Structure formats: structure tokens, C-alpha cells
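Bear in mind that the values here come from a model prediction, so they are computed numbers and not experimental data.
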Amino acid sequence: MSQLNRQFLLAQRPVGPATRDTFSYVETPTGEPAPGQVLVENLYLSLDPAMRGWMNDARSYIPPVAIGEVMRALGIGRVVASQHPDYQVGDHVCGVVGVQDYFLGEPRDFHKVDPNQAPLPLYLSALGMTGMTAYFALLDVGQPKAGETVVISGAAGAVGGVAGQIARIKGCRVVGIAGGADKCRYLVEELGFDGAIDYKAENLHAALKRECPKGVDVYFDNVGGDILDAVLTRINRKARIVICGAISQYNNKEAVKGPANYLALLVNRARMEGMVVFDYAPRFGEAVKDIAGWLASGELKSKEDVVSGLETFPETLGKLFSGENFGKLVLKVR
């Protein structure tokens, strides 16, 4: 094919926030698939807080992106050439396609999606890794029971918004922590949360006491840092703390701040457990079935924040860490 492939490569490992200088922008010939390969025209890319961690040369649940390598990203595209028996031209697929116009290679762990069943960005949010993370982190790790109080940080973000709605569907009292009056209003009025806390405008400890008068049974943590510390002061006996993310810490230039109030776990015989969604891959089908049903019935809503233009990638990624995004952040390639 004669088209050029625009790519963002990791140029250096950032200290602090990733910026445009973190990446190098190149244009290369698209190429043709060899046997067993596909050429996919990327349509939408998922921008996630985890991408900042993938840039660090540190031990993690997945190898870091190498210097000079296309920046890793999950995405959805259309097969435009194929020498793989399972994929035909015109198929829409989801997989790790990278921050580029075209993916060329073996479709490892790719799966097909149907644009006639749902808008494509939805397969990167509630029907994608976002929804899988919210579903299994809350239900398998958090194990909420009807009538319990569930607190969600980063509640207006991609995972937090879905997790809070699932907790509500399961009969829990749900309190969301978010930044700004508009986001807090959205949680209560649109997503059906029982209460919301604006961490930017009110005292967190007083607000937690107000919204969680009977304490906290499940805390779904997306942010870490001071908010985690504050919630630990309100946990009940046998509480479950789900460590899904720690976005407040990802751009630290110093060591990550650990929980100062961790002895609350001892006093309350509570449990804190980390969650990585890839561990649940064999069970994704059950989550998709439940979430699709809730979407169809109107019990669950999905909000996507779609930004257009591959060329905006570095600045658009930064929206995750400034709190500018509202819902699941998706980059429309063209």
C-alpha cells in the first residue's frame, strides 16, 4: 500500500508527566502483510492511565515499551489487507494496535467487534477493557453485598463510572469522589450515585463522614495518595479495598506515596488487594453479557470523551492526569 503510516514512538522515559518530547513522530511506508499477518487501519485508540506506567523501565505486570518502539495502545480498526485465515478484509477488530495509523503484524489476542451492534468507541469503554476492569475489580475483588456502602474514587472517570453503576445495580449505597461540581452532579443525577464528594472544593474527611455515616465497606481506589489515606479512616470491619489504580502517583518525581493509615487494615481486619484485568481474560464473556444487558435495559450508561486527530496524542493523553477528561478518553485517529 502506498499510504504513509504516522507513528508515535517512545523517545525517552519521562520523569514526571509525559509530554510531546517524550515521543518522536515519524512517517513510514505502510507495508503489506506477510503470511499470518493482517494490516489494520486504526480508527479509535484507547487512552488509559496505565500507559504512563508502561513508559517506565520498571518491573510490572507487563514489559515496558522499549525506546524507539511504537507507543503501546489498545484500539479498534478495520482490516484492510489480510494473510490470516481468521480475519477477512472489512472485519473490525480490537487489540493492541499502537499509537499509529496502521497496525501491521500478527493479530495476537485480537478479537472481532460488530459496529452494527454498538458504536465502535463503546468497545473501548463499557464493552471493552474499561468495563472488564470495573466488573471484575468490583465484583470479584470488592465482593459488595446489597446494603453495603461502596466508595469510588475517580468516579467520573472511565472505570469509576462503570464500577459505581454496577455497585448501584447490586443494591449498594454508592458514593463517588470526583473533581468539580459538574462531575459530582453527573454522578448523582445521571449515573444514580447516592452521594458525591468534590475533593477539589470540600474537606475530604468531613465529606466522607457526611456521605458515609455508617462507614465504608468497599473502597474502589483509582487514585491513591491522600484520598486513599482519608478513606482508610472510615473503613468498617472486614472492609475490602480494591487497588485498581493510583493516578495521583503516576507522574511523581519522587517515590510513590504509600498509605500512611494502613494500620486501619489491621484494626478493622480489612483486606487490600490489587487487580490487573488481564488475569480475568478467560471470563471476559460473562462480563460482556451482563454489561450489554445493563446497557440495553438502561440500567447502565457509558460516557465517552472522544478527541479527534492522531497528531494530538501527547496533549490528549495529558488530559487524563489533569482531570480534564470526562468519561472514557478515546482518540479518533482521523
Q: Please test Lys257 against Asp226 for salt bridge (charged side-chain N to carboxylate O under 4.0 Å, His left out), starting from the C-alpha separation and ending with a verdict.
A: CA-CA 9 Å; Lys257 178 183 177 182; Asp226 293 336; 2.2 Å; yes

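- Counting heavy atoms from C-beta outward, Val141 and Phe136 have side chains that stay 4.5 Å or more apart.
- Here the CG atom belonging to Leu331 is positioned 10.0 Å from the OG atom belonging to Ser46, to the nearest 0.5 angstrom.
- Salt bridge Asp217/Lys238: absent, no basic N to carboxylate O contact under 4.0 Å.
- Listed by first and then second residue, the salt bridge (charged side-chain N to carboxylate O under 4.0 Å, His left out) pairs that reach into residues 274-283 are Asp140-Arg283, Arg283-Glu286, sequence neighbours excluded.
- Scored by the side-chain contact (heavy atoms from CB on, under 4.5 Å) test, Leu139 finds Tyr135, Pro144, Ile166, Lys170 as partners (sequence neighbours excluded).
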| request: Go through Asp109 and Val96 one step at a time and tell me if the side-chain contact (heavy atoms from CB on, under 4.5 Å) criterion holds. | output: CA-CA 8 Å; Asp109 298 320; Val96 178; over 6 Å; no

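- At distances below 3.5 Å, at least one donor-acceptor pair connects side-chain atoms of Gln165 with backbone N or O atoms of Lys301.
- Asp101 places none of its side-chain heavy atoms less than 4.5 Å from the side chain of Gln3.
- Not a single donor-acceptor pair under 3.5 Å links the side chain of Asp48 to the backbone N or O of Ala50.
- Using a 4.0 Å cut-off between charged nitrogen and carboxylate oxygen, Arg240 and Glu273 do not count as a salt-bridge pair.
- Summarising the geometry of Arg72 relative to Met51, their closest heavy-atom pair is O-CE, 3.3 Å, with the distance given to 0.1 Å.
- Under a hydrophobic-cluster definition in which Ile, Leu, Val, Met, Phe, Trp and Tyr are linked whenever side-chain heavy atoms come within less than 4.5 Å, directly or via other members, Val277 and Ile247 are assigned to the same cluster.
- For the side-chain contact (heavy atoms from CB on, under 4.5 Å) test, no residue two or more places apart in sequence or in another chain qualifies with Lys214.
- We find that Arg168 and Glu299 are not joined by a salt bridge, their nearest charged nitrogen and carboxylate oxygen being 4.0 Å or further apart.
- Taking every heavy atom of both residues into account, Phe193 and Gly176 meet most closely at CD2-N, 3.5 Å.
- Judged by distance alone, the side chain of Asn261 and the main-chain N or O of Ala264 form no donor-acceptor pair under 3.5 Å.
- Atom OH of residue Tyr102 and atom CZ of residue Arg78 lie 8.5 Å apart, to the nearest 0.5 angstrom.
- Looking at residues two or more places apart in sequence or on another chain, you find a ring-ring contact (aromatic ring centres under 6.0 Å, His included) between Phe313 and Phe8, Phe23.
- The local environment of NZ in Lys200 is crowded, with over 12 non-hydrogen atoms from other residues, nucleotides or ligands closer than 6.0 Å.
- Note on Val80: it does not cluster hydrophobically with Phe103, by side-chain heavy-atom contacts below 4.5 Å among ILVMFWY residues.
- Note: the hydrophobic cluster containing Phe278 also contains Leu138 (ILVMFWY, side chain heavy atoms under 4.5 Å, direct or indirect links).
- Inter-residue side-chain proximity for Arg52 and Leu320 is flagged as unmet; no heavy-atom pair is nearer than 4.5 Å.
- For the residue pair Asn252/Gln249, the side-chain donor-acceptor check at 3.5 Å is satisfied.
- Nearest approach of Cys244 to Val159, heavy atoms of both residues: SG-CG1, 4.2 Å.
- You'll find the side chain of Leu104 reaches within 4.5 Å of the side chain of Leu39, heavy atoms only.
- A salt bridge links Glu202 with Arg210; the closest basic N to acidic carboxylate O contact falls under 4.0 Å.
- One distance of note links CG of Asp305 with CG of Leu47; it measures 9.5 Å at 0.5 Å rounding.
- Distance alone, capped at 3.5 Å, places no donor-acceptor pair between the Lys328 side chain and the Thr130 backbone.
- Here the OG1-CD1 distance, from Thr149 to Ile235, works out to 13.5 Å after rounding to the nearest 0.5 Å.
- The backbone N or O of Asp21 lies less than 3.5 Å from a partner atom in the side chain of Gln12, making a donor-acceptor pair.
- Looking only at side-chain heavy atoms (C-beta outward), Leu232 and Pro259 come within less than 4.5 Å of each other.
- Test Arg6, Arg20, Lys332, Arg334 against Glu311 for salt bridge (charged side-chain N to carboxylate O under 4.0 Å, His left out) and you get one pass: Arg6.
- Cluster membership check: Ile243 does not share its hydrophobic cluster with Val256, using side-chain heavy-atom separations under 4.5 Å among Ile, Leu, Val, Met, Phe, Trp and Tyr.
- Nearest heavy atoms, Gly98 versus Asn42: O-ND2, 3.7 Å.
- Rounding to the nearest 0.5 Å gives a distance of 13.0 Å between CE of Met132 and OH of Tyr280.
- In terms of heavy atoms, Pro107 sits closest to Tyr87 at CG-CE1, 3.6 Å.
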Output, in order, the C-alpha distance, side-chain angles, deciding distance and verdict of side-chain contact (heavy atoms from CB on, under 4.5 Å) for Glu106 and His84. CA-CA 8 Å; Glu106 296 179 15; His84 193 290; 6.0 Å; no

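- In the hydrophobic cluster analysis, where Ile, Leu, Val, Met, Phe, Trp and Tyr join through side-chain heavy atoms closer than 4.5 angstrom, Tyr219 is grouped together with Met272.
- Around the OH atom of Tyr61, the shell of radius 6.0 Å holds more than 12 heavy atoms that belong to other residues, nucleotides or ligands.
- The shortest distance between side-chain heavy atoms of Leu265 and Ile241 falls below 4.5 Å.
- Inter-residue side-chain proximity for Leu10 and Trp54 is flagged as unmet; no heavy-atom pair is nearer than 4.5 Å.
- Here the side chain of Asp229 pairs a donor or acceptor atom with the backbone of Ala260 at under 3.5 angstrom.
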Using the rule given for side-chain contact (heavy atoms from CB on, under 4.5 Å), can you reason through Val218 versus Cys172, listing the C-alpha separation, both sets of side-chain angles and the distance that settles it, and then say yes or no?
CA-CA 10 Å; Val218 178; Cys172 299; over 6 Å; no

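- Of all the heavy atoms in Cys94 and Val113, the pair that sits closest is CB-CG1, 4.1 Å.
- Of the possible donor and acceptor atoms, one in the side chain of Arg269 sits under 3.5 Å from a partner among the backbone N and O of Val267.
- A search for ring-ring contact (aromatic ring centres under 6.0 Å, His included) contacts involving Tyr250 returns nothing, not counting sequence neighbours.
- Between the side chain of Ser153 and the main chain of Asn222, a donor-acceptor pair closer than 3.5 Å is present.
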message = Does Leu127 form a side-chain contact (heavy atoms from CB on, under 4.5 Å) with Ile291? I'd like the steps, not just the answer.
response = CA-CA 7 Å; Leu127 290 177; Ile291 292 172; 4.1 Å; yes

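- Connectivity analysis of hydrophobic side chains (ILVMFWY, heavy atoms under 4.5 Å, direct or indirect) links Val26 to Leu9, Val70.
- Lys183 has no carboxylate O lying under 4.0 Å from a charged side-chain N of Asp198, or vice versa, which leaves the two without a salt bridge.
- The line from OG of Ser248 to CG of Leu228 is 8.5 Å long, rounded to the nearest 0.5 Å.
- Within the 4.5 Å cutoff, the side chain of Leu122 has heavy atoms near those of the Leu295 side chain.
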